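I have placed the structure first, in the form of structure tokens, so that the comments after it can refer back to it.
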There are 2 protein chains.
Amino acid sequence: MRSDSVEPAGIQGAKVDLPTLKKHARLGDMAYEAMKERLIRGAFEPGRKLTVRAVAEALGVSSTPARDALNRLAAEGALVYSGPKTVIVPYLTMEALQEVTAMRLALEGLAAERGAVRAPKDLPDLLTEYQAKINEGLASRRYAEVLWMNKEFHFSVYKCCNMPYLLTTIETLWLRIGPSFHDLYPEFAIQKYGVHNHEVVIESLRDGDSGAARAAFENDIRDGYRRLKQSIRVREERSES
Amino acid sequence: MRSDSVEPAGIQGAKVDLPTLKKHARLGDMAYEAMKERLIRGAFEPGRKLTVRAVAEALGVSSTPARDALNRLAAEGALVYSGPKTVIVPYLTMEALQEVTAMRLALEGLAAERGAVRAPKDLPDLLTEYQAKINEGLASRRYAEVLWMNKEFHFSVYKCCNMPYLLTTIETLWLRIGPSFHDLYPEFAIQKYGVHNHEVVIESLRDGDSGAARAAFENDIRDGYRRLKQSIRVREERSES
DNA sequence: GAATATTGTTTGTTGCAACAAAAACTTTGC
DNA sequence: GCAAAGTTTTTGTTGCAACAAACAATATTC
């Protein structure tokens with residue numbers, strides 16, 4: 001058995017950042033944000049069991065806010081119930097991947113196109129910086145960092161469309177696929193995760209071609225789909241043998 | 001002042017239905033479902049204040065599950081904070097309406113088309129029944145019932161695409177516009193809410209034309225948009241005077 | 001030895017009381 | 001009459017203990 005799956009030590013890592021508090025400094029929201037970031041970074045292996053008390057201890061809060069965060073994550077589908085009293089980081093099934101991908105194409109396509117139209121002139125420069133950090137991360141094998149900067153890259157374009165609720169909805173989609181990147185961490189460096197598509201995005205923004213920007217993001221999403229699909233296949237074959 | 005805004009009596013109405021419990025019978029989920037239904041039915045006037053204790057008493061549960069439900073609803077944007085300690089049913093702003101409509105077109109378009117492809121042969125008959133109930137409701141001015149049956153109509157098509165997460169995401173979009181129909185209750189009967197589009201949906205399904213079904217749903221969404229847009233305009237003009 | 005029963009432990013949910021902060025209301029001052 | 005300051009009440013969050021349900025490990029029986 002994996003006894004470490006319930007150890008608080010396995011959840012810690014980066015102490016919670018306080019600057020997240022914007023309007024209402026609720027402990028439950030903080031716990032939610034903290035867990036969300038870990039999920040998107042692929043910090044948790046699919047199948048890991050998360051308990052209220054462990055999360056509470058790891059985050060230094062009592063059980064109420066920890067439970068709030070876990071419940072909210074489970075409601076969004078970022079965590080699932082493997083039993084009546086056990087929430088785990090979900091294994092991405094093929095059906096779930098296809099569903100999330102279809103939704104990502106619809107929603108991120110919308111956000112990308114509208115964001116590109118309204119993007120400020122200096123956005124391409126910012127994106128170039130992000131891309132540099134992604135390349136650095138790939139070179140130094142800091143994959144959690146790569147995933148996080150990748151998220152920053154996408155969302156700094158999406159953000160421009162000024163649709164806050166669309167943004168949070170897309171975030172919940174990323175929450176669902178994030179953990180599965182954990183499995184293919186070493187593969188990132190080889191396949192140059194998303195590099196080419198991102199370069200096309202930057203170029204399209206410089207040209208003011210929002211349609212091309214959308215197409216590049218859609219390509220990126222489809223590339224991610226293919227990679228995860230392969231990863232799922234491998235896992236399923238391994239579990240069958 | 002509207003003292004009734006915090007009265008439990010204003011929240012009651014239909015006692016909570018137990019059959020909702022599917023897998024995990026949590027009191028918090030029940031409270032969430034109960035509030036969700038009321039919101040979609042337009043039972044709450046925008047601006048109404050909802051307090052933890054009032055919801056708890058109205059639903060016959062303690063404050064913990066009531067707080068869970070309110071927090072989840074607020075996280076989804078179905079309720080908003082008007083102050084640090086006050087959650088209200090939101091007034092739909094023009095920006096929010098446009099955002100929700102864009103997302104509805106993307107997501108419900110997807111669900112409608114894929115659902116139409118996989119719809120069972122007897123679905124048109126079921127939809128015809130629903131439509132009959134909608135017409136009855138319009139005639140007898142039971143508008144909350146009309147809104148609920150309208151939801152059943154849409155979702156029984158969407159359900160066919162077998163994308164559970166897409167469904168719940170669409171539901172949260174409905175949650176955001178539901179309350180605003182409260183304002184134009186009397187207007188329903190005159191404008192024959194959604195009747196024509198629904199008939200086209202049924203016909204398209206009988207023809208096996210999924211593209212036409214999608215187009216009909218999109219028309220329905222755009223009609224709803226126009227109606228709500230007008231309602232917002234009226235409200236804004238009234239508040240300016 | 002394997003299947004089943006049993007016991008002990010872990011775990012989520014729930015209700016509740018305490019606290020601090022924000023509303024609502026009242027009074028005061030001009 | 002109106003605005004501002006102070007007071008009272010309401011309200012959300014939090015931590016905690018109790019409970020019941022599920023889980024894991026052990027013992028028991030065939």
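Below, chains carry the letters A, B, ... as their sequence lines are ordered, and counting in each starts from 1. Basis for what follows: all heavy atoms, side chains included, without hydrogens, waters or symmetry-related copies. All values reported here derive from a predicted model rather than from experimental measurement.
The CZ atom of B:R72 sits 15 Å away from the C1' atom of C:dT13 (whole-angstrom rounding). For A:Y81 and D:dA21, the OH to P distance is 17 Å, given to the nearest whole Å. Going from atom CG of B:D29 over to atom C1' of C:dT14 covers 13 Å, rounded to whole Å. When the C1' atom of D:dG12 is taken as reference, atom CG of B:L73 falls 16 Å away, rounded to whole Å.
For A:N71, no side-chain nitrogen or oxygen approaches OP1 or OP2 of C:dG12 to under 4.0 Å. Between D:dG12 and B:R67, no contact under 4.0 Å exists linking OP1 or OP2 to a side-chain N or O.
Taking both residues in full, the closest heavy atoms of A:G137 and A:V146 are given as C-CG2, 3.5 Å, listed atom of the first, atom of the second, then distance. Here the shortest heavy-atom pairing between A:R118 and A:C161 reads CD-CA, 4.1 Å.
Here D:dT11 is the nucleotide among D:dT14, C:dT14, D:dT11 with the atom lying nearest to any side-chain atom of B:K49. Distances were taken from every side-chain heavy atom of B:T86 (C-beta onward) to each of C:dG12, C:dA23, D:dT13; the shortest belongs to C:dA23. Listed nucleotides D:dC23, C:dG15, C:dG12 differ in distance to B:L27; the shortest reach to its side chain belongs to C:dG15. Closest to the side chain of B:K85, from the set D:dG12, C:dA24, D:dT14, is D:dG12.
In terms of position on DNA chain D, the residue among A:S82 and A:G28 whose nearest nucleotide sits closer to the 5' end is A:G28.
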Could you go through nucleotides 16-19 of chain C and list every protein N or O atom that sits under 3.5 Å from one of its N or O atoms, giving the distance for each pair?
unit_1, atom_1, unit_2, atom_2, d
C:dC16, N4, B:T64, OG1, 3.4

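Partners of A:F155 by ring pair (Phe, Tyr, Trp, His ring centres under 6.0 Å), not counting sequence neighbours, listed by chain and number: A:Y158, A:W174. Under the salt bridge (Lys or Arg N to Asp or Glu O under 4.0 Å) criterion, B:D220 pairs with no residue, sequence neighbours left out.
In this structure, B:R41 pairs ionically with B:E37, as a charged nitrogen and a carboxylate oxygen lie closer than 4.0 Å. For B:D29 and B:R72, the salt-bridge test passes: some basic side-chain N is under 4.0 Å from an acidic carboxylate O. A salt bridge is absent between A:R48 and A:E45; no separation between the charged side-chain nitrogens and carboxylate oxygens falls under 4.0 Å.
B:D68 comes within 4.0 angstrom of nothing in the nucleic acid, heavy atoms only.
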